There are 2 protein chains.
Amino acid sequence: MNVSQSNLNNSVLKAFDLLEHFHPDKPAWGVRELAQHIGANKSTIYRLLATLEHIGVLQQHPETEKYSLGLKLFELGHRVGIQSALVNKTHDILEEVTKEITENVHLGILQSNEVLVVDKVDSPKGLKLNFQLGSRSPLHCTSMGKTLLAFAEKQEEIIEELDLFSKTPYSLTQKMGLIAALNQIRKDGFALDREEYELGLICLGVPVFNQNGKAIAALSASGPANRFREEALKDYVAILQKGASAIQQKIGNFQIKF
Amino acid sequence: MNVSQSNLNNSVLKAFDLLEHFHPDKPAWGVRELAQHIGANKSTIYRLLATLEHIGVLQQHPETEKYSLGLKLFELGHRVGIQSALVNKTHDILEEVTKEITENVHLGILQSNEVLVVDKVDSPKGLKLNFQLGSRSPLHCTSMGKTLLAFAEKQEEIIEELDLFSKTPYSLTQKMGLIAALNQIRKDGFALDREEYELGLICLGVPVFNQNGKAIAALSASGPANRFREEALKDYVAILQKGASAIQQKIGNFQIKF
DNA sequence: AACAGTGTTTCAAATAATGAAACGACTATA
DNA sequence: TATAGTCGTTTCATTATTTGAAACACTGTT
């Protein structure tokens with residue numbers, strides 16, 4: 001566990017490295033278990049866990065004694081959205097778009113070669129097989145991902161680093177095919193995901209530009225395949241694009257660090 | 001800045017102490033500014049900020065060079081809700097309650113002598129003067145707060161520590177009056193906040209018990225005073241209580257660390 | 001009773017954090 | 001143009017903290 005780097009605070013780096021290991025697939029860890037997984041001494045891990053538990057960033061289950069993410073993190077994490085110009089100022093626009101399309105609407109940004117969902121509004125209709133706020137999704141098989149990639153400045157670099165795994169039989173797994181799709185998306189001004197991410201799920205995405213013309217986010221609508229008929233798509237694209245330009249006007253020259 | 005304590009990791013404590021200073025009233029800090037405010041050396045603060053920025057927990061505004069909360073925190077914070085039994089399993093119940101009452105519905109827990117809002121569903125009606133997810137509100141002048149306090153195990157201790165400040169002319173600012181109100185709430189099984197927190201805003205709260213009979217959360221509905229007429233309250237209480245017992249059944253023997 | 005699991009504590013040795021001062025790059029004032 | 005006042009950032013010897021092997025206390029199992 002040698003995280004040492006320039007002038008950065010080692011303990012802080014290690015603490016957040018620890019927190020990364022608490023994800024939905026493995027939300028609770030014991031001391032030895034986590035120490036072994038990371039390859040660090042159990043005393044070190046114990047003290048880090050105890051520290052994080054002390055301030056509420058982690059909580060220890062009273063019976064199992066395992067640690068999981070705590071409410072302090074919940075609180076701090078939600079402050080980000082409240083304080084972020086992108087999320088805070090534009091939530092109302094997402095609600096309007098949702099009302100018009102009556103499907104789940106998401107706002108996502110490009111981060112670490114994935115889509116990070118930064119805001120969403122659920123459709124009044126039932127059926128909620130969709131993306132969680134704060135979750136990450138792959139770039140190559142989602143409408144938001146392909147949109148962001150199509151308008152990304154470092155598109156080629158990013159594609160080189162991607163793992164074009166097959167999420168469904170419809171996923172684009174070939175570099176050439178992906179690049180062709182991206183070119184088409186740039187021409188069309190929208191991206192379509194026909195069950196590339198999940199069978200039965202169709203997503204439609206459009207880019208959100210800032211006032212310098214840089215694509216800083218993607219806006220998408222998603223729902224079950226039977227509700228996304230060919231004839232409806234054109235209307236949906238128009239509604240999404242209207243929402244995207246409304247966002248553009250609200251945020252001005254907003255920038256996001258990738 | 002002497003945070004040293006037992007065996008805990010000093011740097012980690014300091015890092016999270018820093019993060020606490022980034023709240024909605026002061027979301028962006030410069031190095032010197034924050035160092036002076038905390039009373040620490042600017043080099044120390046600089047390195048902590050740089051470390052947190054390096055991993056995305058903070059982000060530095062490209063122009064002002066000031067730091068603010070970053071997307072890594074957003075991501076981690078939202079994992080808590082996804083992984084939490086209380087929030088994850090019960091969101092659908094909140095949606096049903098919202099549909100029936102057609103007012104904003106909140107789920108809150110007692111934490112550090114405040115109410116922490118851990119889930120919410122917005123009313124389809126407009127008007128959104130309400131509590132943000134992840135925000136904290138005082139115990140003595142909110143329906144959720146009074147509910148949690150009325151059924152709290154360490155009620156007396158907590159009341160001693162409270163600052164019964166006057167948020168509106170209707171806030172309960174006297175210890176005796178608060179205790180009387182709490183006794184009534186325990187008898188009634190619900191708490192009413194008539195503009196005690198904000199003028200024009202009425203909230204109704206009921207306790208959520210776990211299967212050991214411990215009040216672990218409060219469920220509330222809130223809206224403008226003109227929509228909370230006397231004759232409607234009884235129905236609202238019944239709907240909220242139905243929701244609260246539905247939550248109780250879902251979460252079983254759930255515990256929260258305060 | 002011995003064993004194999006936990007999480008936790010100990011203490012000298014190794015390492016990393018600290019802070020006064022200097023640096024470079026700005027901006028506003030004289 | 002100087003000069004003074006900002007800002008974030010870097011330096012380096014001093015200081016304080018983190019580290020890890022081993023021991024501890026506790027649990028449930030063989």
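Chain naming here is simple, since letters A, B, ... match the order of the sequence lines and numbering starts at 1 in each. This structure is a prediction, so every number in the text was calculated from the model and none was measured.
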For B/Thr44 and C/dG19, is the shortest distance between a side-chain N/O and OP1 or OP2 below 4.0 Å?
yes

Heteroatom pairs (N/O) under 3.5 angstrom, protein to nucleotides 9-13 of chain D:
residue : atom : partner : partner atom : Å
D/dT9   : OP2  : B/Tyr67 : OH           : 2.8
D/dT9   : O5'  : B/Tyr46 : OH           : 3.1
D/dT10  : OP2  : B/Tyr46 : OH           : 2.9
D/dT10  : O4   : B/Ser43 : OG           : 3.0

Geometric class of the [Y]/[X] ring pair [parallel <30°, tilted 30-60°, perpendicular >60°]:
X: B/His21; Y: B/His37; result: perpendicular
X: B/Phe209; Y: B/Phe151; result: perpendicular
X: B/Phe22; Y: B/Trp29; result: perpendicular
X: A/Tyr197; Y: A/Phe131; result: tilted

Minimum-distance pair of heavy atoms, taken over all atoms of A/Pro207 and A/Ala244:
O-CB, 3.5 Å

Measure from [atom1] on [X] to [atom2] on [N] and round the result to the nearest Å.
X: B/His61; N: D/dC7; atom1: NE2; atom2: C1'; answer: 15 Å
X: A/Leu13; N: C/dT15; atom1: CG; atom2: C1'; answer: 15 Å
X: A/Ile45; N: D/dT18; atom1: CD1; atom2: P; answer: 14 Å
X: B/Lys66; N: D/dG8; atom1: NZ; atom2: C1'; answer: 13 Å
X: A/Leu49; N: C/dT8; atom1: CG; atom2: C1'; answer: 12 Å
X: B/Leu8; N: C/dT10; atom1: CG; atom2: C1'; answer: 16 Å
X: A/Trp29; N: C/dG7; atom1: CH2; atom2: C1'; answer: 17 Å
X: A/Leu58; N: C/dG7; atom1: CG; atom2: C1'; answer: 15 Å

Would you please test A/His61 and A/Tyr67 for ring pair (Phe, Tyr, Trp, His ring centres under 6.0 Å) and show each step?
CA-CA 6 Å; A/His61 191 98; A/Tyr67 294 85; over 10 Å; no

If you find the nucleotide of DNA chain C closest to B/Asn41 and the one closest to A/Thr64, which residue's nucleotide is nearer the 5' end?
A/Thr64

Which residue, A/Gly30 or B/Ser11, contacts DNA chain C at a nucleotide closer to its 5' end, judged by nearest heavy atom?
A/Gly30

Go through the structure and list residues passing salt bridge (charged side-chain N to carboxylate O under 4.0 Å, His left out) with A/Glu161, not counting sequence neighbours.
none

